[in-house]
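Numbered from 1 within each chain, the chains take letters A, B, ... in sequence-line order.
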There are 2 protein chains.
Amino acid sequence: MLDVRRLRLLRELALRGTIAAVAEALAFSPSAVSQQLSALEREAGVPLLERTGRRVVLTPAGQRLAAHAEAVLERLERAGAELAATRGGPTGPLRIGAFPTAARALLPPALAALAVAHPRLEPAVEEVDAVDVPDALRARELDVVLVHEYDLLPAEPEDGVETEPVCEEPVFLAEPDTGGASRGGSLVIRRDEPWIVGRRGTLCHTMALRACEAAGFRPRIRHLVDEYPTVLALVAARQGVALVPRLGAVDPPEGVRLTPVAMRRRIGVAYRAGSALHPSVAALTHALRRQAR
Amino acid sequence: MLDVRRLRLLRELALRGTIAAVAEALAFSPSAVSQQLSALEREAGVPLLERTGRRVVLTPAGQRLAAHAEAVLERLERAGAELAATRGGPTGPLRIGAFPTAARALLPPALAALAVAHPRLEPAVEEVDAVDVPDALRARELDVVLVHEYDLLPAEPEDGVETEPVCEEPVFLAEPDTGGASRGGSLVIRRDEPWIVGRRGTLCHTMALRACEAAGFRPRIRHLVDEYPTVLALVAARQGVALVPRLGAVDPPEGVRLTPVAMRRRIGVAYRAGSALHPSVAALTHALRRQAR
DNA sequence: ATCGAGCATCAGCTCAGCTTACGCTCTGGC
DNA sequence: GCCAGAGCGTAAGCTGAGCTGATGCTCGAT
């Protein structure tokens, strides 16, 4: 009978690529991981890893075994979720990851409602970068993560992670309020304005570029700022224009005009495959949905 | 993460009913099983067992968890089978169980062919009672078992065990050869003859009773004998009539007339769920099928 | 050419989990 | 009705699986 703890290491290796990364993710020493993978290879009787240069890669047999491991672990996750469900309502710690806007605008009221409905639930929120989400979930550093995607930028599915939609919101063009009549939501008219976009590598950065690209021009980028309150303050100071989702534009400062554009942002929750039935996860999803209405 | 070794114990408990039986089956002391199940219950956070009298029974939550365990273990079995397949052809020990007729008539030539095709396979045959088959497979005492069923007596599916057909054979009515013309294969005409059937509790015993019952009478049973050569010798000695499948009637003695009746026996192989792809299992199944033609 | 990242191996230690011993409770046979 | 034994749980003690930390080797990047 194959050892599931070792299969877990193999699966993590398939996801992360190096033994050192697996070790760090699971809080082991690289030595331990190496030893356990060697043992797994001995059990299997087939080479699973191959040293290439100073790294290792999975052999085809190793990849197939990693797929089996994925399936086994998912079923274990489901079993655990079901147990938690029979254990009664949501209880204990729930580690929630969120992108900054959600952490500020969406989560606090949802958590307040949750505290009333499920007083024994202990949510812990942590801001997290989108790129770290799958690893954080798989490594069990987080249990649920609020994620978002834009029309022009659909998120691709990740192994071992499932996503469920929570709500959709419009995206606004934010520009200095000159007092004149609105010029409508088309981006093209602002092609010569300076733009304020998210920092490079963020979803919002890419989203703004894609949106301008779709409108047929490359924006002149002046400011790189992630926090929407700051963005709006810059807009009010006539530093440029920006694209801002509704949740980023609650309570806009004076001197900012918001015009809807033809793009929407979708917000969802991501969790480990199999934990959809977990009562704490289900309760948070429910609270977020109610909040979003 | 739930411990799979402990889940295995829970699954065995679901199948066998007592901790002592689980311990014996897996070569542990009952104490070890008890401790591990307690630990599993602690992990689960839900009562899984309930003491009733001097036994334990699974709670509903325990039963559901056992079902998950079954799924996990089956997937592990498949992973192992796939590894064995990539390891190259059939190799190593293969523990084969068989009912007596198959052990005598079907297996030896199949094993001879197998030895030529796969010299590194080390088959070990053991006669086994039909009632012990599922436990022997689940407890990993055997890898493959030859099983049979009669038209009137279909085998019900067992958790964790899969069955695949190998061949079908006719069943004969064996009666003393009086030299006269055959009276045809109807059983009714022999309703007053003494009958020779398998020992009580065997499939063959039940099969004979069902066949007579279907023909509308209750047989007068004189001899209870399992071994078909002995049965045929008794028939030749004019001790009664009997129902004998073809494999039990190779080389019949003088003075026995065999007439086909409207019943067939199906022979199949049973193995642990998930091990169908195991090269040794597949090779044996293949050899048996060829042999049966 | 050199340095560091990445992996394997070795030695040593710790704790999970096994066995043995024992006690308790219930059941079935006499 | 009683008692022997089946069945389960707990306590104590031991062993080995598996972890850490040290060391060495091999690449690849600067």
Side-chain angles (χ1 to χ4, degrees), chain A residues 1-59 61-63 65-66 69 73 76 135 139-140, chain B residues 1-59 61-63 65-66 69 73 76 135 139-140:
Chain A
M1 184 67 59
L2 292 160
D3 184 331
V4 173
R5 292 186 62 240
R6 290 169 179 165
L7 286 179
R8 184 161 144 77
L9 296 181
L10 184 71
R11 179 254 214 166
E12 294 292 332
L13 182 62
L15 294 171
R16 302 180 195 277
T18 78
I19 289 182
V22 174
E24 202 204 352
L26 303 187
F28 284 139
S29 65
S31 169
V33 177
S34 176
Q35 288 177 45
Q36 290 306 309
L37 286 174
S38 297
L40 180 63
E41 222 165 354
R42 219 177 318 120
E43 285 187 288
V46 191
L48 301 174
L49 317 182
E50 204 175 351
R51 288 209 49 166
T52 65
R54 57 182 175 181
R55 310 170 65 97
V56 289
V57 291
L58 292 187
T59 62
Q63 289 172 13
L65 189 57
L73 292 167
L76 284 176
D135 279 352
R140 319 190 128 256
Chain B
M1 184 68 57
L2 292 161
D3 184 332
V4 173
R5 291 186 63 238
R6 291 169 178 165
L7 287 179
R8 183 160 142 79
L9 295 181
L10 184 71
R11 178 252 214 167
E12 295 291 332
L13 182 62
L15 295 171
R16 300 180 196 277
T18 77
I19 290 182
V22 174
E24 202 203 352
L26 303 188
F28 285 139
S29 65
S31 170
V33 177
S34 176
Q35 288 176 45
Q36 290 306 307
L37 286 174
S38 298
L40 180 63
E41 225 167 350
R42 217 177 320 119
E43 285 188 286
V46 191
L48 301 174
L49 317 182
E50 203 175 355
R51 288 209 50 167
T52 65
R54 57 181 177 185
R55 311 171 65 97
V56 289
V57 292
L58 292 188
T59 62
Q63 289 172 13
L65 189 57
L73 292 168
L76 285 175
D135 279 351
R140 320 189 128 254

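Each of B:Ser34 and A:Gly53 was matched to the nucleotide of DNA chain D holding its nearest heavy atom; the match closer to the 5' end belongs to B:Ser34.
As a whole-Å value, the separation of A:Arg51 CZ from C:dA5 P is 16 Å. Atom CG in A:Leu40 sits about 13 Å away from atom P in C:dA8, given to the nearest Å. Atom pair B:Arg42:CZ and D:dG9:C1' shows a separation of 13 Å (rounding to whole Å applied). Taking atom CD1 of residue A:Ile19 and atom P of nucleotide D:dT26, one finds them 17 Å apart after rounding to whole Å. With rounding to whole Å, A:Arg16 atom CZ is found 13 Å from C:dC7 atom P. Summarising the geometry, the separation between CG on A:Leu37 and C1' on C:dT9 is reported as 15 Å, rounded to the nearest angstrom. The CZ atom of B:Arg55 sits 10 Å away from the C1' atom of D:dA6 (whole-angstrom rounding). In this structure, A:Arg54 atom CZ and C:dC3 atom C1' are separated by 10 Å, rounded to whole Å.
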Would you list the protein and nucleotides 18-24 of chain D atom pairs, both N or O, that sit under 3.5 Å from each other?
residue: D:dG18; atom: OP2; partner: A:Arg6; partner atom: NH2; Å: 2.5
residue: D:dC19; atom: OP1; partner: A:Arg5; partner atom: NH2; Å: 2.8
residue: D:dC19; atom: OP2; partner: A:Gln36; partner atom: NE2; Å: 3.1
residue: D:dC19; atom: N4; partner: A:Gln35; partner atom: OE1; Å: 3.4
residue: D:dT20; atom: OP2; partner: A:Ser29; partner atom: N; Å: 2.9
residue: D:dT20; atom: OP2; partner: A:Ser29; partner atom: OG; Å: 2.7
residue: D:dT20; atom: O4; partner: A:Gln35; partner atom: NE2; Å: 2.9
residue: D:dG21; atom: O6; partner: A:Ser31; partner atom: OG; Å: 2.7

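The nearest pair of heavy atoms linking B:Ala14 to B:Leu58 is CB-CD1, 3.5 Å. Across B:Leu49 and B:Glu41, no two heavy atoms sit closer than the pair N-OE2, 3.3 Å. B:Asp135 approaches B:Arg16 most closely through the heavy-atom pair CG-NH1, 3.4 Å. Taking each heavy atom of A:Val46 and A:Ala61 in turn, the nearest pair found is CG1-CB, 4.0 Å.
Counting only residues at least two apart or in different chains, side-chain hydrogen bond (donor to acceptor under 3.5 Å, both in side chains) contacts with residues 42-54 of chain B comprise B:Arg6-B:Glu43.
No side-chain donor-acceptor contact under 3.5 Å links B:Ser34 to the backbone of B:Pro30.
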